[in-house]
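For reference, the structure discussed in these notes is given below.
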Protein chains: 2
Amino acid sequence: MPEATTIRDTVRDTVRGVTRSSGRGAETRERILDAALSSFGTIGYDGTSLDDLANGLGVRKQTILYHFVSKRGLLGAVVDRSAADLNAALFEVLDGEATDWERVEALVRSVFRVALEQPLLMGLLREVSRPGSPAAPRLKGAMGPLMDRAQAWMEREMDAGRMRRTDAQLVLISAYSTVVGLATEIEVLRAAGLEPTMRTVATRRRELLRFLRASLDPQR
Amino acid sequence: MPEATTIRDTVRDTVRGVTRSSGRGAETRERILDAALSSFGTIGYDGTSLDDLANGLGVRKQTILYHFVSKRGLLGAVVDRSAADLNAALFEVLDGEATDWERVEALVRSVFRVALEQPLLMGLLREVSRPGSPAAPRLKGAMGPLMDRAQAWMEREMDAGRMRRTDAQLVLISAYSTVVGLATEIEVLRAAGLEPTMRTVATRRRELLRFLRASLDPQR
DNA sequence: CAGGGTACTTACCAGATGGTCAGGATAAGT
DNA sequence: ACTTATCCTGACCATCTGGTAAGTACCCTG
């Protein structure tokens, strides 16, 4: 368990979120972030104890505080990194060559891919988008630019008549909550004893696309 | 975990949990349940402190523990009462005279009415349908009969050819998660600075009905 | 080899938390 | 008047919480 920090991990760590000095501790830092994401996303922020988190990692609690100053700081870092992951996936599509309806479809597929590959991230989103969450403003700040960009694009499409004129923000939030709701749904399915299949997810995706088409397609 | 208490206490608690002699303390008990529902549904179970809860009621923490033995006991009582409210609303429809598709619509409208009248209840559902929630099995037990009844009815309809044959449980869970997701959505809307309107809710309801029709209508 | 920065730890703590225990007040039965 | 049951409270406590302070071990640089 002690796992003496081997010396040669030095530079080979790809720092994902905020650029951080890539020393020996970079790996530990990432491991803490991973565990924290998992814990926050399942048992919640209040339900997570730094001691438990540290024990699960074979590390002392003070190591966590060394890297992230405070518990809130840790939550902030987790939110930032997760938002960065989401942003990367979505900006890629927004910058891509797909246009019009294809782009909407590509966005939806991209989000669902992330949701499937990183279910923990969805759990975090659900936890953080709670009214009293300490990280709600942080999430808003981290996701804001993406939302603004998407909204601006939609409004350009509407101006050009390629999209039906509606409240872009409302549509975006509906789509967002559908995806986050999917995470809940999967958990409820598990609780009911059913192992969620691809079918559930595919159905939900089809539903969302149908909703978007109904809201946005100028032909209807 | 002494957990002992006297036999008399145990019996008394059990009795109090189910029926509830209408003594002087009944009012206090209900007030505690109301406040607990509100607190659990917003800041969550772990985020709720018995001291704070009691202070908000102008009562000592021991009063809460007197009525509900433990914090978990309080959560259990809150879940039970909320589930009873939901059950009452839905069984009324299931026992009503509406048939076939009308009954499905009546059920959906009934659920949405409850969600609008008691948003706190939706918050509780979201909190409790979390993977690690201490009340997850309790909720399952309290809502199980209703789900079973609905599922049985759907399967009868399928046998009679009035409903397309699908996995009834899957459809029910999807509908459930849509409704609970609505609560989240409203909160996110608030966080984004938009005051949620009737329109949001109506849109979601229409969407859910469309999904159900697509899943169940034998004509399609 | 001295000095400094990084990564991590041991020791410790003040406050909050859920919970126990021993009552006190009031009303109702006998 | 005595008991009994219900409802509520003050005093107290073990435990856990996030957080501080002061090291220790290690590498890199001069």
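Reminder, nothing fancy here: chain letters follow the sequence lines and each chain counts from 1. Quick caveat: nothing in here was measured; it's all calculated off a predicted structure. As a basis for the values below, the full set of heavy atoms in this structure was taken, side chains included, without hydrogen atoms, waters or symmetry mates.
A donor-acceptor pair shorter than 3.5 Å can be found between the side chains of A:R204 and B:T178.
The interatomic distance linking B:R72 (CZ) with C:dG18 (P) rounds to 13 Å, in whole Å. Between B:N55 atom CG and C:dA16 atom C1' there is a gap of 13 Å when expressed in whole angstrom units. Atoms OH (A:Y45) and P (D:dT17) sit 13 Å apart, rounded to a whole Å. In this structure, A:I32 atom CD1 and C:dA7 atom P are separated by 11 Å, rounded to whole Å. Rounded to an integer number of Å, the gap from B:R60 CZ to D:dC8 C1' is 10 Å. In this structure, the CG atom of B:L57 is 11 Å from the P atom of D:dT9, given to the nearest Å. Straight-line distance from the NE2 atom of A:H67 to the P atom of D:dG19: 16 Å, rounded to whole Å. For the pair A:L65 CG and C:dC12 P, the interatomic distance rounds to 18 Å; values are reported in whole Å.
Set against D:dG19, D:dT17, C:dG19, the side chain of A:D52 has D:dT17 as its closest nucleotide.
Applying the salt bridge (charged side-chain N to carboxylate O under 4.0 Å, His left out) rule to pairs touching residues 133-148 of chain A yields A:D80-A:R138, sequence neighbours excluded. For residues 47-56 of chain B, every residue pair satisfying the salt bridge (charged side-chain N to carboxylate O under 4.0 Å, His left out) rule, not counting sequence neighbours, is listed here: B:D51-B:K61. Judged as a side chain to side chain donor-acceptor pair (under 3.5 Å), the pairs with a partner in residues 89-98 of chain B (not counting sequence neighbours) are, in order, B:D95-B:R149.
Partners of A:T48 under the side-chain contact (heavy atoms from CB on, under 4.5 Å) rule, at least two apart in sequence or in another chain, are A:S39, A:F40, A:I43, A:L53. Judged as a salt bridge (charged side-chain N to carboxylate O under 4.0 Å, His left out), and not counting sequence neighbours, B:D85 has no contacts.
At D:dC7, one or more side-chain N or O atoms of B:Y66 fall inside 4.0 Å of OP1 or OP2 (strictly under the cut-off). Not one side-chain nitrogen or oxygen of B:T28 sits closer than 4.0 Å to the OP1 or OP2 atom of D:dC7.
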Listing time: all N or O pairs from protein to nucleotides 11-16 of chain D that are below 3.5 Å?
from, atom 1, to, atom 2, distance (Å)
D:dA11, N6, B:Q62, NE2, 2.7

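Checked for salt-bridge contact, A:K71 and A:D46 miss the test: no charged N lies under 4.0 Å from a carboxylate O.
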